[in-house]
Amino acid sequence: MTFNRPLRLILASLLVLAGLLLSVYWAGEKARHRSLLAEAEAAHEQLGLYVSSLRTLLERYRSLPAVLALDPELRQALAGPVQGDAQRALNLKLERINAAARSSTLELLDRDGLAVAASNWRLPTSYVGHNYAFRPYFRQTIAQGTGRFYAVGVTTGIPGYFLANAVRDEAGRFLGAIVVKLEFPDLEQQWSQTPDLVLVSDTKGIVFLANHPGWRYRELQPLDTFARLELAQTRQYDRQPLTPLQHRTLQPLGEDSRLVRVGARGDETDYLWQSLSLPDDDWTLHLLRDARGVQSDVATARLAAAGAWLALVFLAMLLQQRWRIARLRQRSREELERLVEQRTADLRTAQDGLVQAAKLAALGQMSAALAHEINQPLTAQRMHLASVRLLLDAGRNDEARAALARLDELLERMAALTGHLKTFARKTPGGLRERIELGHVLEQALQLLTPRIRAEQVEISQVLSVPAWVLGDAIRLEQVLVNLLRNALDAVAGAERPRIEVTLRHEGEQWSLEIADNGPGIAGEHLGNVFDPFFTTKPVGEGLGLGLAVSYGIVHELGGRLEAANRPEGGALFRLVLPAASEET
Ligand code: ADP
């Protein structure tokens, strides 16, 4: 799949953006969850404190009716109808005890549930004379001996917790009940100090205590018809209207802990909702903490995540850039190497061409002498043939046979020379490495120049330590020696007694071949230029200036050197040095 550049850029930007949003969201959720758990734990601890303070309060009063039920005065009073002075005395007694115990109200019910005495007998809302048989705590007391019930007072309209205990005679017969009522305005007042919501609900899920008035008498769960009927019968919350509390759990955070959204759409608040039950009284305490306080942590985490994500993106970009640059470098290096290789190959081809051209030029210059060299034996052969014919005619067969053998010799010499010429003219690729013997190569080169040496009467002296094995290309090395010898022959052309000295000797790991002449030598200012291409001091048509340049190249390619100098006694000296090859096995 290939995209053009702008499209790829847009795609990459979208990807980065999506990653950013995702990581921010994820970090936010993670932080929120963590903060919620921590906050929930704190809230739970707080709730535990409320529970224990409520429990302590209740425990303090739970024993009061039990103790009062044993009072002989009360038991005696309930044995018969309570009226007149006896009733007044009872009222006063209850009033005293209530004040001392600091409970809300104390009342004495006879066996029919009629209040015969009460601590609030002086007030208009006195219980005395009212019947409370319909209240569940009375029925519980008849059945179990004790009863407890939270309700709104039907007489006073004030809600409270009714704790009842049965009063029995010696025989254990039920005479009535003593009831203590507790109200919790102090507790609610105390709870209202906290910004949290503290609620207490009954088994039906109705909130009857709350530190904020709006939360009282709310239904935490929908009531069925049976529950409603029971409420009507017991008049538990009497005339208080009950309204359902709209809420739904967003996220459970533990057994008694959850994140809850409360309120109708458009007016919703999220709370951390903790619940803890009070098993003795079948009540449940709730603590609702506003979940908005958790948000600041979330914002910090989101910011950190965004930062981390962007850092990651930049790192990736940096690495990609580096990788790209490295790839580009690698590519250009490869391109350069390829170019160098190609140029080297081109150069080698050009050089090979040059070597060959220089050789052919030299051959051309030697051709006249060589033609003469071949022509000479032909003339000799013609003379030999004539004498053979004469000898045969005279019947001198043995002499004729001897003459024929000399003819053979001449033919062989001619064949050798033409064969050598053919080989020498052949083009060889550079880089050839064969084991060759320098003495033999020198011999071949001298053979090509024999006609000229003979014609110009040049004395050649040779001091050779052979065999001298080297690695190289025989034809090219012969080309080098032909060049050096021809230059020497050119140099001695005007000398009185032309002479060329050839020395071949072993020097360390190398072979050194020196060609010295008694010519005029090389002018001082030219010593540095003789190996330059096209450098020549010879007249046009005689010198190209390529011989030494090409020879220099050939020798260097074989790992050797070619040097030029002047001899102290006059004349030039050329030295060819080549690494020695291992002795022939
Ligand atoms: P060419 O022989 O065609 O001039 P070379 O490259 O063979 O080209 O020689 C370059 C020059 O070096 C010659 O022109 C000559 O000036 C000088 N030279 C070479 N060999 C000798 C020598 N033996 N004595 C004096 N000068 C020489």
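Numbering of residues begins at 1 and proceeds along the displayed sequence. First listed ligand is number 1; within each ligand, the first listed atom is number 1.
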Worksheet entry | E514/T503 under side-chain hydrogen bond (donor to acceptor under 3.5 Å, both in side chains): CA gap, chis, key distance, verdict | CA-CA 5 Å; E514 288 181 357; T503 323; 4.6 Å; no
Worksheet item: Has N483 got any heavy atom lying under 4.0 angstrom from an atom of ligand 1?
Response: no
Worksheet item: Between D270 and R289, does at least one N-O distance fall below 4.0 Å, as a salt bridge requires?
Response: no
Worksheet item: Judging by distance only, is a nitrogen or oxygen of L544 under 3.5 angstrom from one on ligand 1?
Response: yes
Fill in: atom 21 (C) of ligand 1: the protein heavy-atom neighbour that sits closest, reported with distance to 0.1 Å
F574 CE1, 3.8 Å
Worksheet item: Where is the nearest protein heavy atom to atom 7 (O) of ligand 1: which residue, which atom, and how far?
Response: N487 ND2, 2.8 Å
Worksheet item: How far is atom 6 (O) of ligand 1 from its nearest protein heavy atom, and which residue and atom is that?
Response: L548 N, 2.9 Å
Worksheet item: Which residue and non-hydrogen atom of the protein lie closest to atom 2 (O) of ligand 1, and at what distance in Å?
Response: K538 NZ, 2.6 Å
Worksheet entry | Residue, atom name and distance, where the atom is the protein heavy atom closest to atom 12 (O) of ligand 1 | V530 CG1, 3.5 Å
Response to the item:
heavy-atom search around atom 23 (N) of ligand 1 in the protein gives D517 OD2, 2.9 Å
Worksheet item: Closer than 4.0 angstrom: is that true for some heavy atom of F531 and an atom of ligand 1?
Response: no
Practice prompt. Give the numbers and elements of all ligand 1 atoms closer than 4.0 Å to a heavy atom of A572.
Written response: 22 (C), 23 (N), 24 (N)
Worksheet entry | Nitrogen or oxygen atoms of D490 and ligand 1 under 3.5 Å apart | no
Worksheet item: A491 heavy atoms, cut-off 4.0 Å: which ligand 1 atoms fall inside?
Response: 22 (C), 23 (N), 24 (N)
Practice prompt. Return yes if some donor-acceptor pair links the side-chain N/O of N211 with the main-chain N/O of D196 below 3.5 Å, else return no.
Written response: yes
Practice prompt. Output the list of atoms in ligand 1 that are nearer than 4.0 Å to some heavy atom of T536, sorted by atom number.
Written response: 1 (P), 4 (O), 14 (O)
Discussion item. With a 4.0 Å cut-off on heavy atoms, is G521 in contact with ligand 1?
Written reply: yes
Item to complete: Using a strict cut-off of less than 4.0 Å between a Lys/Arg side-chain nitrogen and an Asp/Glu carboxylate oxygen, indicate whether K538 and D490 qualify as a salt bridge.
Response: yes
Discussion item. I'd like the name of whichever of N566, T537, I522 reaches closest to atom 13 (C) of ligand 1 through any heavy atom.
Written reply: T537
Worksheet item: Is it true that the side chains of R333 and Q330 contain a donor and an acceptor less than 3.5 Å apart?
Response: yes
Item to complete: Give the numbers and elements of all ligand 1 atoms closer than 4.0 Å to a heavy atom of G543.
Response: 3 (O)
Practice prompt. Measure across A445 and L481 and return the closest heavy-atom pair with its distance rounded to 0.1 Å.
Written response: CB-CB, 3.9 Å
Practice prompt. Check for a donor-acceptor pair, side chain of D517 on one end and backbone N or O of L573 on the other, with a separation under 3.5 Å.
Written response: no
Worksheet item: What protein heavy atom is closest to atom 8 (O) of ligand 1, reported as residue, atom name and distance in Å?
Response: G545 CA, 3.3 Å
Discussion item. For R505, is there an ion pair with E507 - N to carboxylate O distance below 4.0 angstrom?
Written reply: yes
Practice prompt. Can you tell me which residue pairs pass the ring pair (Phe, Tyr, Trp, His ring centres under 6.0 Å) test with a partner in residues 301-331, sequence neighbours excluded?
Written response: none
Practice prompt. Around atom 10 (C) of ligand 1, find the nearest protein heavy atom and jot down its residue, atom name and distance.
Written response: F535 O, 3.2 Å
Worksheet entry | For the student: nearest non-hydrogen atoms of W273 and H286, plus distance | NE1-ND1, 3.1 Å
Discussion item. Protein non-hydrogen atoms only, distance under 4.0 Å: does atom 18 (N) of ligand 1 have such a neighbour?
Written reply: no
Fill in: Under 3.5 Å: N/O of A549 near N/O of ligand 1
no
Item to complete: Count the heavy atoms belonging to other residues, nucleotides or ligands that lie under 6.0 Å from CZ of R413, then report whether that count exceeds 12.
Response: no
Worksheet item: For L363, what residues pass the side chain to side chain contact (heavy atoms under 4.5 Å, CB included) criterion, not counting sequence neighbours?
Response: L360, M366, L370, L421, F424, A425
